[in-house]
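Worksheet for the structure shown next.
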Amino acid sequence: MPSAITTSPNSVTQRSTLISRVPAVRRPPLIQTRLIIPNNIPFGAAQAATSPVISTATAPNHPLYLGLDFGTSGARAAVIDDDGRVVQDVKMGYGDNAAADWAGAWKRVLFELIGSLDQSVRSSITSVAFDGTSATALLIDPRDGAPLAPPKLYNEAQAKDIVAAAKAIAPPAHTATAATSTLCKLLTWWYGTGDGGNWRQVASERGLALPSPGSGVYDSGVTALPPPLLLHQADWLAALLHGVYDSGVTDWNNALKLGYDPELESYPSWLMEQPFAPLLPARVVAPGAPVATLERRVAGETGLPLDCLVCGGTTDSIAAFVAAGVTEAGQAVTSLGSTLAVKLLSTTRVDDAAYGVYSHRLGDVWLVGGASNSGGAVLRRFFTDQQLQELTPRLDPDRPTGLNYYPLPSPGERFPVADPDLQPRMVPRPDDDAVFLQGLLEGISQIEAAAYSRLAAMGASPLKEVVTAGGGAVNPKWTAIRQRLLGVPVRAAEQGEACYGAALLARQGARQAARKLGLTASE
Ligand SMILES: Nc1ncnc2c1ncn2[C@@H]1O[C@H](COP(=O)(O)OP(=O)(O)O)[C@@H](O)[C@H]1O
Ligand SMILES: O=C(CO)[C@H](O)[C@H](O)COP(=O)(O)O
């Protein structure tokens, strides 16, 4: 099992009180102020190499913004104009064999999605932003982005001894100590336990420096070689477009479950003192912040403009929150997709891994919540979307079934109960499928209600309204069941797709870059 984990002598004190502004990650950081400017910017359009360039020569009359959502069951692209109108949107499944090579499927779908946009649309896309599933992690070669091992997905709970190793270094109840956290996935790779083993062999064959758990000393002896790099799904997809792997770029939201502190805007010292710190993405940007323009080859392959700006990403449930457009404390967005993700806009930050509760930062507000493994993935085990539509009229929200299910696709729950061994409860199954479906919807709704009650008990802003995103938002009978249990108004978001939220972040990034260049921002 993991050897002694490096902790500072006064780690308890340090963990609980002192979180210093941590210096950049030990690996040579990405040049912090200069964005990567490709050498193909049209002469005369180049600005001082300290900010992204949107060449007015190529800036379209009507700039468009691309949001790319890589969710649980498929990916979606939305292109919007300056006024937020959807110009084109497309969606695509990952394919039946995706689980055999998730990274390959995501990469294929990314370029197919972009290629499926009209060329006239593609050529006007000024910026792009991604959202991905939270705590979905890859370990890659930072020279070309090649994965060294299969990705670890958002809901993959790591072994109990890995969770114990995370708890030995992180502050009590920190979200990075959840079994499905990105930190726990990094520790599985780091200690090579379970399925985290053979990436070192791959890294060694590729000539990467290999830090070892005992000391963090690089085995290669050749210090010029970089160590492997950990990226999140959204980070890695963005890097496929801008080509900047190097020290790695991630965002506040994706980095939260790695241990990043969005309030301090830095990695905490308890994380930076670990021997695996050089594997962390060095640069953590705000969602939507300008990162880098397209790699020349990618522009040629995709038909996107050479100076299309890639912006900081986010997670799928936060992109859905952004899409929903809620702005007041007490308003919340429930993403009823394959999973059930809850985000409450709160003036107070609350975090407790014991319940799977954590606070994301968006701008200057806190999005408090968590994500249950329950949700549409359970429904899809029993019913197609068509069957759901056919059965829904027969549901009667005013006559609860009393079945008291806890619907889960498999054992294990993240929130509002953090228990990797929690068993599904979906029996007895009534003969009437309409009653069975209502029991499942009631069970998922009871989890949602318990989630918001947990947030209230922890001091988050009182719930005033729930806006629904995701596939389940279309079901009026489910909305009625949820409203009865929540006791506040529940409505479907006008824009419920995460890809729309990502497109809004891309628009924000383009405007931020334009302001930086002193151009008239088309606000
Ligand atoms: N009419 C419906 N009532 C309830 N749930 C539905 C309905 N139609 C689709 N769903 C559910 O929506 C889910 C897909 O939502 P989506 O937001 O696309 O998920 P994700 O982005 O997480 O893959 C499916 O699991 C499906 O069961
Ligand atoms: O369950 C998920 C998969 O769709 C979500 O990605 C998720 O876990 C939400 O995480 P976060 O609250 O960090 O956005």
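Residues: numbered from 1 along the sequence shown. If you're wondering where the values come from, they're calculated on a predicted model, not measured in any experiment. Just follow the structure's listing: the first ligand is 1, and inside any ligand the first atom is 1.
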Self-check item: Ligand-side contact atoms (ligand 2) for residue partner Thr339, heavy atom cut-off under 4.0 Å
Solution: 1 (O), 2 (C), 3 (C), 4 (O)
Exercise. Run the numbers for me: atoms of ligand 2, each under 4.0 Å from some heavy atom of Thr72, listed by number.
Key: 3 (C), 4 (O)
Quiz item: Relative to the heavy atoms of Ser317, which atoms of ligand 2 are at a distance of less than 4.0 Å?
Solution: 9 (C), 11 (P), 12 (O), 14 (O)
Practice problem: Please examine the side chains of Trp252 and Thr314, heavy atoms only from C-beta on, and report whether any two atoms are closer than 4.5 Å. | Solution: no
Quiz prompt | Val86 vs Val79 side-chain heavy atoms within contact, under 4.5 Å | solution = no
Quiz item: Just which atoms of ligand 2 are under 4.0 Å from any heavy atom in His360?
Solution: 11 (P), 12 (O), 13 (O), 14 (O)
Quiz item: Would Phe415 and Tyr355 count as a close aromatic pair, with their ring centres under 6.0 Å?
Solution: no
Quiz item: What protein heavy atom sits nearest atom 10 (O) of ligand 2, and how far away is it?
Solution: Ser134 CB, 3.0 Å
Quiz item: Can you list the ligand 1 atoms lying under 4.0 Å from a non-hydrogen atom of Gly470?
Solution: 17 (O)
Quiz prompt | Heavy atom of the protein closest to atom 1 (O) of ligand 2 (residue, atom name, distance) | solution = Arg414 NH2, 2.8 Å
Self-check item: Heavy atom of the protein closest to atom 6 (C) of ligand 1 (residue, atom name, distance)
Solution: Leu388 CD1, 3.6 Å
Quiz item: If you measure every N/O of Thr339 against every N/O of ligand 1, is any gap under 3.5 Å?
Solution: no
Quiz item: Can you find a pair of side-chain heavy atoms, one from Trp478 and one from Leu379, that are under 4.5 Å apart?
Solution: yes
Self-check item: Ala377 and ligand 1 - part of the residue with a heavy-atom distance under 4.0 Å
Solution: backbone
Practice problem: Between Asp131, Asp316, Thr180, Thr175, flag the one that comes closest to atom 5 (C) of ligand 2 by a heavy atom. | Solution: Asp316
Self-check item: Test item: side-chain donor near acceptor, Glu442 and Gln446, under 3.5 Å
Solution: no
Self-check item: Exam field: side chain Tyr405 to backbone Gly443, donor-acceptor pair closer than 3.5 Å
Solution: no
Quiz item: Would you say Gly471 has any N or O atom under 3.5 Å from an N or O of ligand 1, going by distance alone?
Solution: yes
Quiz prompt | Contact partition for Leu379 relative to ligand 1, non-hydrogen atoms under 4.0 Å | solution = side chain
Practice problem: Using a strict 4.0 Å cut-off to heavy atoms of Lys343, name the atoms of ligand 2 that fall inside it. | Solution: 11 (P), 12 (O), 14 (O)
Quiz item: Which ligand 1 atoms are under 4.0 Å away from a heavy-atom of Trp478?
Solution: 4 (C), 5 (N)
Quiz item: Which protein non-hydrogen atom lies closest to atom 3 (N) of ligand 1, naming both residue and atom, and how far is it?
Solution: Asn475 ND2, 3.0 Å
Quiz prompt | Options Glu497, Arg76, Arg380, ranked by nearest heavy atom to atom 16 (P) of ligand 1, top entry | solution = Arg76
Exercise. Note the single closest protein heavy atom to atom 27 (O) of ligand 1, along with its residue, its atom name and the distance in Å.
Key: Gly376 O, 3.4 Å
Self-check item: Asp316 and ligand 1 - part of the residue with a heavy-atom distance under 4.0 Å
Solution: neither
Self-check item: Minimum-distance protein heavy atom relative to atom 19 (O) of ligand 1
Solution: Ser338 N, 3.3 Å
Exercise. Check each atom of ligand 1 against the heavy atoms of Gly337 and keep those under 4.0 Å away; list them by number with element.
Key: 15 (O), 16 (P), 17 (O), 19 (O), 22 (O)
Quiz item: Atoms of ligand 1 less than 4.0 Å from Val474 heavy atoms?
Solution: 1 (N), 2 (C)
Quiz prompt | Test side chain to side chain donor-acceptor pair (under 3.5 Å) applied to Gln233 and Thr133, step by step | solution = CA-CA 7 Å; Gln233 179 192 30; Thr133 50; 3.0 Å; yes
Exercise. Go through ligand 2 atom by atom and flag the ones less than 4.0 Å from a non-hydrogen atom of Ala371.
Key: 1 (O), 7 (C), 8 (O), 9 (C)
Self-check item: Residue Gly472 vicinity, atoms of ligand 1 by number, heavy atom under 4.0 Å
Solution: 5 (N), 12 (O)
Practice problem: Of the side chain and backbone of Phe383, name the one, both, or neither that has a heavy atom under 4.0 Å from an atom of ligand 1. | Solution: neither
Self-check item: Contact check, Asp385 vs ligand 1, heavy-atom distance below 4.0 Å
Solution: yes
Quiz item: Under 4.0 Å from any heavy atom of Lys257, which atoms of ligand 2 are there?
Solution: 8 (O), 10 (O), 11 (P), 13 (O)
Practice problem: Say whether Ser73, considering both its backbone and side-chain N or O atoms, lies within less than 3.5 Å of an N or O atom on ligand 1. | Solution: yes
